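Shown below is the structure under consideration.
Below, chain A is the first sequence line, B the second, and so on; all start at residue 1. All values reported here derive from a predicted model rather than from experimental measurement.
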Amino acid sequence: MARENLNLQIHLIQDELLVMGSMVEQATLQAVQALKNRDINAARLIYNNDRQINEKRYAVESAVLILIATQQPLAHDLRLLAAMLEISSELERMGDYAKGICKVVINLKDIELPIPVKEFELMAEKAVNMFHRALAAFVSEDFQTARAIPADDDQVDQLFIQAQHFIVHTMLEKPAILDHMNLLLWVAHNLERMADRVTNICERTYFIATGEFLELETEPKDIQGD
Amino acid sequence: MVENQESTRDYAISTHDLDIYYGNFRAVKGVSLNFEPRKITAIIGPSGCGKSTVLRCFNRMNDFIPGARITGSVLFHGENIYDPKVDPVRIRQQIGMVFQRPNPFPKSIYDNIAWGLKVNGIRGKLDSLVEESLQQAALWDEVKDSLGKSALSLSGGQQQRLCIARALAVKPEIILMDEPCSALDPSATLKIEDLMRTLSVNYTIIIVTHNMQQAGRASDYTAFFSMAPDRAGVMVEYGETSQIFTNPRNKTTEDYISGRYG
């Protein structure tokens, strides 16, 4: 096949994205565990490791720009490279969500408060599961799977609403820990946003495979419900 | 001085303050450049900036042009190839060249390779050397059943790969390519570029190309040449191709690669 070098370089970048993806998965699951166990040291470690995710993002960005500048990619190659720029930035932001959860763990110190651990764990598990399948669909350019994944976001949204209710209810009951409970709202928000970003990755996969931009987003559901 | 020569031995070719003249006209001036071994280096720049002149100087092809001479040095394994003791024929065997237009001999495919070997005094095992060269040039599968056919019956792209096979047959270290794809269509061009990539595992390749995009696609390092006000060619910038094409240090290079000059 012609253009072996370009194909090889594209695959190398794809591999980097997958490595970055598994770093994000790990960071997310570990961040929720650190919250569950109130393990500040673990949280600090994950927080600091986010730098490596950011560095990977710049490495991917730079490699993509070099390929665009030197290889004149067109059609499918060009869509793939453009999508990889986008996806690397999604992954970087997802890493930031995990980092944000760790920041909450650190800020909560050893203050006693009720945490909707079960909801958080399930949200993280479901979001990571969606994310994992979205990356697999991206690599195999399986646009039909990519199109189906965002529907699972509903489950994460449902858990988000449950966690939110619990947190708000606790805030009303115990105004003394309102500020700290507010931090937990951010944890819920971050996990919910993570699943939203999976949708963006699926949209990119659809674009790579078909050349069409398709909005896969379902109804916007955020804290204010607007 | 000895130390300096030692340090140049890591490079495939090193030029030091190279000036090239045609009679009184200085066509190229002040080129000091080290070529990385087993890498592809592209020389790019606008017409008349001395790219081909520099390339031809690396295997003493300019010797054939009356009045051509150089000052400075061109070191190959630490030896100045313009030293009077040096045999230019030996240099051309170690530093081969592929030209702009494919120029096979009007002989069979087989003879095109075997002749070069015979001329260089290589006897015996011709069949296997011919096959090996054609394999390396990614042409074997297409011609193995028609080795007796005229080389002129091949397509342009195949002829150019035959010329590359012919250059490889005498086991050079360096292959100079002077616009090797300018007479080829895009698909044959990409085939030659893939072949260059494969060959660069074992050979140093220096390519002059008008086609800047080709330099981007096919090379590891890029040297950008331009013309000084006295019309002498000068090297403006040299670096990794990825750097030259994304973040050139020099404004003239930037203007050239982004299509604003030259």
Side-chain angles (χ1 to χ4, degrees), chain A residues 1-20 51-93 139 141 204 207-209 211, chain B residues 38-42 44 138-139 141-142 155 157-158 160-161 181 184-201 205 207 209 211-224 237 239-249 253-259:
Chain A
M1 202 202 303
R3 306 220 66 180
E4 283 165 20
N5 185 42
L6 175 61
N7 295 339
L8 173 71
Q9 298 300 328
I10 288 177
H11 277 125
L12 290 177
I13 301 176
Q14 233 167 10
D15 288 350
E16 283 297 290
L17 275 180
L18 289 181
V19 172
M20 205 177 153
R51 205 174 299 148
Q52 290 169 19
I53 296 176
N54 297 346
E55 280 165 11
K56 273 253 180 295
R57 181 258 172 110
Y58 289 127
V60 166
E61 194 171 336
S62 156
V64 168
L65 289 180
I66 286 169
L67 280 194
I68 291 174
T70 61
Q71 300 294 321
Q72 303 93 47
L74 290 173
H76 172 269
D77 294 334
L78 182 59
R79 293 202 301 276
L80 178 54
L81 286 167
M84 291 201 289
L85 275 186
E86 199 71 33
I87 291 173
S88 72
S89 118
E90 298 289 348
L91 298 187
E92 192 255 329
R93 292 308 309 273
V139 169
E141 295 185 15
R204 293 294 141 183
F207 169 68
I208 297 164
Chain B
R38 288 175 298 284
K39 294 285 176 197
I40 302 171
T41 302
I44 61 170
L139 188 58
D141 289 341
E142 290 161 59
S155 72
Q158 288 173 325
Q160 195 61 304
R161 277 180 283 145
C181 301
L184 306 183
D185 68 20
S187 133
T189 297
L190 291 172
K191 240 182 213 161
I192 298 274
E193 290 174 10
D194 278 354
L195 172 61
M196 287 163 61
R197 182 57 57 195
T198 313
L199 292 174
S200 70
V201 174
I205 297 176
I207 176 174
T209 175
N211 180 339
M212 202 177 59
Q213 286 76 19
Q214 175 167 57
R217 288 192 300 267
S219 71
D220 301 302
Y221 295 89
T222 295
F224 171 61
E237 184 168 354
E240 286 189 27
T241 300
S242 56
Q243 176 251 311
I244 297 278
F245 278 72
T246 56
N247 188 18
R249 311 264 184 261
T253 315
E254 167 114 28
D255 287 348
Y256 181 75
I257 63 161
S258 53

Chain B contacts, top residue of L65(A), N5(A), I68(A) (heavy-atom pairs, under 4.5 Å):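 Maximum pair count with chain B is reached by N5(A).
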CZ of F245(B) to CD of Q72(A), rounded to nearest 0.5 Å, is 7.5 Å
Please check if atom NE2 in H11(A) has more than 12 non-hydrogen atoms from other residues, nucleotides or ligands closer than 6.0 Å.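 Open.
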Is there a side-chain contact between R197(B) and E4(A) (heavy atoms, below 4.5 Å)? no
Locate the shortest heavy-atom distance separating T70(A) from S242(B); write the atom from each residue and the value.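 Closest approach of T70(A) to S242(B), heavy atoms only: CG2-CA, 4.4 Å.
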More than 12 heavy atoms of other groups within 6.0 Å of R38(B) CZ: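 Counting other residues, nucleotides and ligands, CZ of R38(B) stays at 12 neighbours or fewer.
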Note: R3(A) and R217(B) closest approach over all heavy atoms is NH2-CD, 3.0 Å
Side chain, backbone, both or neither: which part of E193(B) has a non-hydrogen atom closer than 4.5 Å to chain A?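 Answer is neither: E193(B) stays 4.5 Å or more from chain A.
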